[in-house]
Amino acid sequence: MNDTQVKPPRSTPSSSQPRRRPGPAAGRQGQPRAQAPAHPVLQQLADWYPKLFGEQPHPLKRGIYADLLAAQPEGLDAEGLKAALALHTRSTRYLSSVAAGQARHDLAGQAVEDMAPEHVLHALLEVHRRRQARSQEDLRPKLRQRIAQAFEASGLSREDYSALLPSRDPAVQVQFDQALDEAAARAAKDAALHRAYSASGLEPTAFADSYGLPLGEVQRMLERVKRRGQQA
């Protein structure tokens, strides 16, 4: 309620109608609902491996289930661990780290394996679906930008990357195709700008000044062109 509004006086409840207290699920007006307690095994894992199960978790390496059982034979129950990992890997926090293209990590917190492009794409779509369901803002432009970035990072051809799309929803297909169109347009623009940069013989700062471009834009173009060259 707005603090500037005058609150009406409270009515005194009669003895025949005792005042009800809001239950924990409903909560009081203006206050968030109480969150369900975390899975006890996940709480324990977060204490042992905060980089993997903390507030900002890293993606897990393949075979982490067996690694955990071997590392904590006295402290973990096989079925409880299986249920906890299922909850963890389906959480929005975890999927967001996958969608960001982070590498998979082992129990020591070391990156050991690149995330597969299809896993990044699947996570992007699922995180978008969840966030859009809770937001009145149109998040589709952000989704297209993220898909375009994931496509460029994948190093795959458009045909091969398109084969990774898991959804047959026409609305998702439209956003996906537009994202790849935007990536293609940016690649063409980068190629043209890079040709001009190479022909100029100038350093990035001087080239940016001569074309009236922000230096950061020129630097990002050079990084993208370099990355594409390494992927080719």
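Residues take their numbers from the sequence shown, with the count starting at 1.
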Check: Got a sec: does the CD of Glu217 have more than 12 other heavy atoms crowding it under 6.0 Å?
Finding: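 Result for CD/Glu217: enclosed.
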Item checked: Within 6.0 Å of CZ in Arg224, more than 12 heavy atoms from elsewhere ->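 Atom CZ in Arg224 is packed in, count exceeds 12.
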For residues [X] and [Y], report the shortest heavy-atom separation together with the two atoms involved.
X	Y	result
Leu202	Ser210	CD1-OG, 3.9 Å
Arg104	Tyr94	NH1-OH, 4.4 Å
Ala99	Val120	O-CG1, 3.5 Å
Ala84	Leu42	O-CD2, 3.5 Å
Ala208	Val218	CB-CG2, 3.8 Å
Arg90	Leu95	O-CD1, 3.8 Å

Margin query: Please evaluate residues Val225 and Leu193 with respect to the criterion side-chain contact (heavy atoms from CB on, under 4.5 Å), reporting the C-alpha separation (whole Å), side-chain torsions for both, the decisive distance (0.1 Å), and the verdict.
Written below: CA-CA 10 Å; Val225 170; Leu193 190 60; over 6 Å; no
Return yes if some donor-acceptor pair links the side-chain N/O of [X] with the main-chain N/O of [Y] below 3.5 Å, else return no.
X	Y	answer
Ser91	His88	yes
Gln175	Pro170	no
Gln102	His58	no
Arg93	Gly54	yes

Note to self: What's the separation between atom CD in Gln173 and atom CD in Gln178, rounded to the nearest 0.5 Å?
What the structure shows: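 The distance works out to 11.0 Å.
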Next item on the list: Using the test side-chain hydrogen bond (donor to acceptor under 3.5 Å, both in side chains), find all partners of Gln72 that sit at least two apart in sequence or belong to another chain.
Entry: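 Only Tyr49 meet the side-chain hydrogen bond (donor to acceptor under 3.5 Å, both in side chains) criterion with Gln72.
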Next item on the list: Return the set of residues passing side-chain hydrogen bond (donor to acceptor under 3.5 Å, both in side chains) with Arg146 (not counting sequence neighbours), or none when no residue passes.
Entry: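 Partners of Arg146 by the side-chain hydrogen bond (donor to acceptor under 3.5 Å, both in side chains) criterion come out as none, since no residue qualifies.
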Check: Linking Ile, Leu, Val, Met, Phe, Trp and Tyr through side-chain heavy atoms less than 4.5 Å apart, which residues share a cluster with Leu215?
Finding: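 Besides Leu215, the cluster holds no residue at all.
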Checklist line | N-O pairing of Glu182 and Arg144 below 4.0 Å | finding: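 Arg144 and Glu182: salt-bridged.
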Check: Any salt bridge between Arg158 and Asp181, counting N to O under 4.0 Å?
Finding: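 Counted as a salt bridge, because a side-chain N and a carboxylate O are separated by less than 4.0 Å.
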Margin query: For a quick check under 3.5 Å, do Asp47 and Gln43 share a side-chain donor-acceptor pair by atom type?
Written below: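 No - no donor-acceptor pair under 3.5 Å links their side chains.
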Next item on the list: State plainly whether one hydrophobic cluster holds both Leu124 and Leu139, where clusters connect Ile, Leu, Val, Met, Phe, Trp and Tyr through side-chain heavy atoms under 4.5 angstrom apart.
Entry: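 As far as the 4.5 Å side-chain criterion goes, Leu139 and Leu124 are not connected within one cluster.
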Check: Is there a path of hydrophobic side-chain contacts, each under 4.5 Å between heavy atoms of I, L, V, M, F, W or Y residues, that connects Val98 with Leu87?
Finding: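 They do share one cluster, since a chain of ILVMFWY contacts under 4.5 Å joins Val98 to Leu87.
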For residues [X] and [Y], determine if any side-chain heavy atom of one lies less than 4.5 Å from a side-chain heavy atom of the other.
X	Y	answer
Gln149	Arg186	yes
Val41	Leu85	no
Leu60	Thr89	yes
Leu107	Trp48	no

Identify each donor-acceptor pair in which a side-chain atom of residues 109-117 lies under 3.5 Å from a protein atom, sequence neighbours left out, and give them as a table.
from, atom 1, to, atom 2, distance (Å)
Glu113, OE2, Arg62, NE, 2.8

Check: Do any pairs count as a salt bridge (charged side-chain N to carboxylate O under 4.0 Å, His left out) and have a residue in residues 116-135, sequence neighbours left out, and if so which ones?
Finding: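 Matches after skipping sequence neighbours: Glu126-Arg129, Glu126-Arg130.
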Note to self: Please verify the inter-ring angle class for Phe176 with Tyr161; under 30° counts as parallel, over 60° as perpendicular, anything in between as tilted.
What the structure shows: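 Ring orientation of Phe176 relative to Tyr161: parallel.
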Note to self: Set out, in order, the CA-CA distance, both residues' side-chain angles and the distance that settles side-chain contact (heavy atoms from CB on, under 4.5 Å) for Leu143 and Leu125, then state yes or no.
What the structure shows: CA-CA 8 Å; Leu143 174 64; Leu125 296 174; 4.3 Å; yes
Next item on the list: If a pair satisfies ring-ring contact (aromatic ring centres under 6.0 Å, His included) and one of its residues is in residues 200-220, list it, with sequence neighbours excluded.
Entry: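 Checked against ring-ring contact (aromatic ring centres under 6.0 Å, His included) - neighbours excluded - the pairs reaching residues 200-220 are Tyr197-Phe207, Phe207-Tyr211.
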